[in-house]
Structures are given as structure tokens and as C-alpha cells.
Amino acid sequence: MLETYKTILEGGCGEITEKKSRFIATVRPVKTEEEALAFLEEMKKKYWDARHNCFVYSVGLNREYTRCSDDGEPSGTAGRPMLDVILGEDIYNVAVVVTRYFGGVLLGTGGLVRAYSRAVQEGLAASRIIEKKKGICLRVTTDYTGVGKLQYIAGERRLPVLNSEYTDRVILELLIPFQDVDEVQKAITESTNGRAKMEKDRELYFAVLDGEVLTFEE
């Protein structure tokens with residue numbers, strides 16, 4: 001698992017015009033190659049009357065499934081430049097289709113490379129990109145005398161409380177960035193004189209968007 005990676009939360013659509021040719025970039029988050037291929041077919045049906053539907057997708061945190069296509073444009077003028085933008089922005093689990101409606105004027109190799117690259121950039125600019133970070137859900141059990149100390153540690157370090165249970169004891173589920181787990185556990189042990197019981201419940205990814213914490217299983 002990568003400790004951090006950028007991906008698409010919500011896809012978007014961007015468009016540019018170059019010498020009367022329209023380039024429409026549609027961006028979609030994908031988790032599998034099958035999702036990417038289904039998205040490609042969806043765009044081909046939507047823009048069935050376009051001259052080209054060039055695409056790129058990169059799926060997997062090791063980029064296990066990465067493909068691009070010029071779809072009839074001169075070799076290396078569309079798919080590869082589109083992939084270069086995705087790799088340059090370091091975005092994972094994404095698919096992009098750039099649809100071209102030909103305007104009657106040839107752009108040349110350099111012009112096509114620039115147009116397809118810029119279209120992808122516009123599509124990404126219209127999308128919501130987030131940075132997912134690897135974290136641990138730490139389940140902490142304490143008596144009521146330790147609650148204030150746990151809440152202080154959580155507040156001081158800005159650790160989200162995912163869940164809480166108040167019965168004859170208190171259980172708090174804290175979301176902790178992966179690299180900070182040992183340090184936080186040490187702080188909890190010291191502040192509660194070792195009375196708090198801690199259990200690493202599960203690994204997950206999280207992102208902060210507009211001050212809100214979002215959690216993801218992958």
C-alpha cells in the first residue's frame with residue numbers, strides 16, 4: 001500500500017478548441033480495468049459521431065493496468081501525451097477520454113500533442129482531486145478518568161474520532177496517520193499511566209476535503 005496517493009473523487013469534463021477542432025476531455029475515477037473499459041464504451045456511444053475518442057487509464061497502486069490509445073490519430077500524438085499528463089500529475093485510478101470533433105484544419109504532430117495534453121489538463125481542472133493518506137483505526141479502551149486525556153491528545157494532534165462508545169467504560173476509535181501510530185500510542189500510554197488498552201482495528205485511507213475527513217477502504 002502506498003502511504004499517500006492522488007486520485008479522483010469526482011470526475012469532470014473540460015473542453016478546448018484548437019483551429020476549429022473541439023477537444024472534449026471526460027475524466028472518471030475507476031477502481032478496475034473493467035470499469036475503465038466500460039467507461040470508454042460509454043463515451044464512444046455518447047460521442048458516436050466524433051472523429052476520434054482517444055483514451056488513457058491507469059488502474060492500481062502499482063499502475064498494474066495502464067493503457068492509452070491514439071484511436072486513429074497519428075501514432076504518439078494523443079494517447080501517450082495524455083498518459084504523460086496523468087503520470088506528471090501523479091494521479092492513480094483514473095480514466096480519461098478525449099473526444100475530437102475535427103474542424104477541417106490539420107494541426108500537425110506538435111499541435112495534436114499540445115491539444116490533447118491541454119484537454120486532459122482542463123478535464124482534471126474540472127474534477128475534484130484528493131490526496132489519500134494511509135491511516136490506522138486505533139481502538140482505545142479506557143475508564144472515565146482517562147477520557148479527557150484521550151480527547152486532549154486527539155484535539156492537539158487533530159486526530160478524527162471515528163466512533164465512540166460510552167458504557168461502563170469508554171471506547172474511542174481514533175484515525176491516526178500511518179507514520180504517527182507509534183508516537184500516538186506512546187503518548188496515550190504515558191498520559192493514562194498505561195491504563196488505556198489499545199488495539200489496531202484496521203488499515204484504511206483517508207482524505208481531508210473542505211475540513212471534512214473522508215475515509216476509504218482502499
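Start at 1 with the first residue, then count along the sequence. Fair warning: this is a prediction, and the values are worked out from it, not measured in the lab.
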Are His52 and Val98 packed together at the side-chain level, in the sense that at least one heavy-atom pair is separated by less than 4.5 angstrom? no
### Message
Taking atom NZ as the centre, does Lys149 end up with more than 12 heavy-atom neighbours from other residues, nucleotides or ligands that are less than 6.0 angstrom away?
### Response
yes
Scanning both residues in full, the closest heavy-atom pair of Pro160 with Val213 reads CG-CG2, 3.6 Å
### Query
Given the rule in the side chain to side chain donor-acceptor pair (under 3.5 Å) test, do Thr17 and Arg22 qualify, once you have shown the distances and angles that lead to the verdict?
CA-CA 5 Å; Thr17 302; Arg22 292 175 65 203; 5.7 Å; no
Could you tell me if Asn93 and Tyr57 have a donor-acceptor pair between their side chains, going purely by distance under 3.5 Å?
no
Single-linkage hydrophobic cluster, 4.5 Å side-chain cutoff, Tyr47 and Val97 together = yes
- Look at Glu18 together with Arg114 and state whether they make a salt bridge at an N to O cut-off of under 4.0 Å. no
The reported gap from OG in Ser21 to CZ in Arg51 (rounded to nearest 0.5 angstrom) is 8.5 Å
Rounded to the nearest 0.5 angstrom, the CD1-CD distance for Ile8 and Glu10 is 10.5 Å
Quick one: does NZ or CZ of Lys133 land under 6.0 Å from the six-membered ring centre of Phe178, within 45 degrees of the ring axis?
no
Subject >> Val140 vs Lys197 side-chain heavy atoms within contact, under 4.5 Å >> reply: no
### Message
Quiz question: by atom type and distance under 3.5 Å, do the side chains of Arg63 and Ser58 form a donor-acceptor pair?
### Response
yes
Test side chain to side chain contact (heavy atoms under 4.5 Å, CB included), reference Thr66, set Leu83, Val59, Leu87, output is Leu83
task = Give a yes or no on this: more than 12 heavy atoms of other residues, nucleotides or ligands lie within 6.0 Å of atom OH of Tyr101.
result = yes
Smallest heavy-atom separation, Arg169 atom then Thr141 atom, equals CD-CG2, 3.6 Å
In this structure, CG of Leu159 is separated from CG of Leu172 (nearest 0.5 Å) by 11.0 Å
Checklist entry - Do you reckon Val27 sits in the same ILVMFWY cluster as Ile86, going by side-chain contacts under 4.5 Å, direct or chained? => result yes
Check your understanding: Yes or no on side-chain contact (heavy atoms from CB on, under 4.5 Å) for Leu37 and Glu41, after CA distance, side-chain angles and deciding distance?
Key -> CA-CA 6 Å; Leu37 295 174; Glu41 290 305 313; 5.8 Å; no
- [ ] Fit a plane to each ring of Tyr144 and Tyr166, take the angle between them on a 0 to 90° scale, and name the class: parallel (under 30°), tilted (30 to 60°) or perpendicular (over 60°).
- [x] tilted
Carboxylate-amine/guanidinium contact Asp182 Lys186, below 4.0 Å = no
Does one hydrophobic cluster hold both Val120 and Ile129, with members joined at side-chain heavy-atom distances below 4.5 Å?
yes
Is Phe206 reachable from Ile136 through a run of I, L, V, M, F, W or Y residues, each pair having side-chain heavy atoms under 4.5 Å apart? no
For Leu174 and Ala154 the tightest heavy-atom approach is CD2-CB, 4.2 Å
_Could you check whether Glu165 pairs with Arg139 (Lys NZ or Arg NE/NH1/NH2 to Asp/Glu carboxylate O, under 4.0 Å)?_
yes
Got Lys6 and Lys132 here, is their nearest side-chain heavy-atom distance under 4.5 Å?
no
So CD of Glu173 and CG of Asn163: to nearest 0.5 Å the spacing works out to 4.5 Å
Rounded to the nearest 0.5 angstrom, the NZ-CD1 distance for Lys46 and Ile24 is 8.0 Å
Review point. Given Gln151 and Val161, is the side-chain contact (heavy atoms from CB on, under 4.5 Å) satisfied, shown in steps?
Key: CA-CA 9 Å; Gln151 291 173 335; Val161 178; over 6 Å; no
message: Would you say that Met82 contacts Cys68 through its side chain, given a criterion of any heavy-atom pair below 4.5 Å between the two side chains?
response: no
- Message: Could you check whether Tyr116 and Phe23 have their ring centres less than 6.0 Å apart?
- Response: yes
Scanning both residues in full, the closest heavy-atom pair of Arg100 with Val105 reads NH2-O, 3.9 Å
Item checked: Expected output: side-chain Tyr205 to main-chain Leu2 donor-acceptor under 3.5 Å -> yes
In terms of heavy-atom contacts, Cys54 and Asp70 come closest through SG-O, 3.0 Å
Review point. If Ile, Leu, Val, Met, Phe, Trp and Tyr residues are connected whenever their side-chain heavy atoms lie under 4.5 Å apart, and connections chain through other members, are Val147 and Met198 in the same group?
Key: yes
Going through the checks in order, is the side-chain contact (heavy atoms from CB on, under 4.5 Å) test met by Lys134 and Thr4?
-> CA-CA 6 Å; Lys134 186 178 177 183; Thr4 64; over 6 Å; no
Taken to the nearest 0.5 Å, the spacing of Leu9 CG from Ile130 CD1 works out to 4.5 Å
Donor-acceptor contact below 3.5 Å, side chain Thr77 vs main chain Leu112:
no
Glu64 backbone acceptor or donor facing Asn62 side chain under 3.5 Å: no
Are there more than 12 heavy atoms of other residues, nucleotides or ligands under 6.0 Å from atom OH of Tyr152? no
Nearest heavy-atom approach of Ala196 to Thr142 is CB-CB, 4.4 Å
Decide salt bridge (Lys or Arg N to Asp or Glu O under 4.0 Å) for Asp210 and Arg128; before the verdict, give the C-alpha distance in whole Å, the side-chain angles of both, and the deciding distance to 0.1 Å. CA-CA 11 Å; Asp210 300 330; Arg128 300 187 84 177; 3.2 Å; yes
**Close side-chain approach of Gln185 and Leu138, heavy atoms under 4.5 Å** = yes
Side chains of Ile153 and Ile188, heavy atoms from C-beta outward: is any pair under 4.5 Å? yes
Is the closest basic N to carboxylate O distance between Arg28 and Glu35 below 4.0 Å?
no
Looking at Asp71 and Lys44, does any basic side-chain N land under 4.0 Å from a carboxylate oxygen?
no
**Asked** Please walk me through it: do Asp143 and Val170 pass side-chain contact (heavy atoms from CB on, under 4.5 Å)?
**Response** CA-CA 6 Å; Asp143 54 29; Val170 179; over 6 Å; no
Notebook entry, point to check: Hey, are the side chains of Leu204 and Cys137 touching, using non-hydrogen atoms and a 4.5 Å cut-off?
Noted result: yes
Note to self: Less than 6.0 angstrom separating the ring centers of Phe55 and Phe39, yes or no?
What the structure shows: no
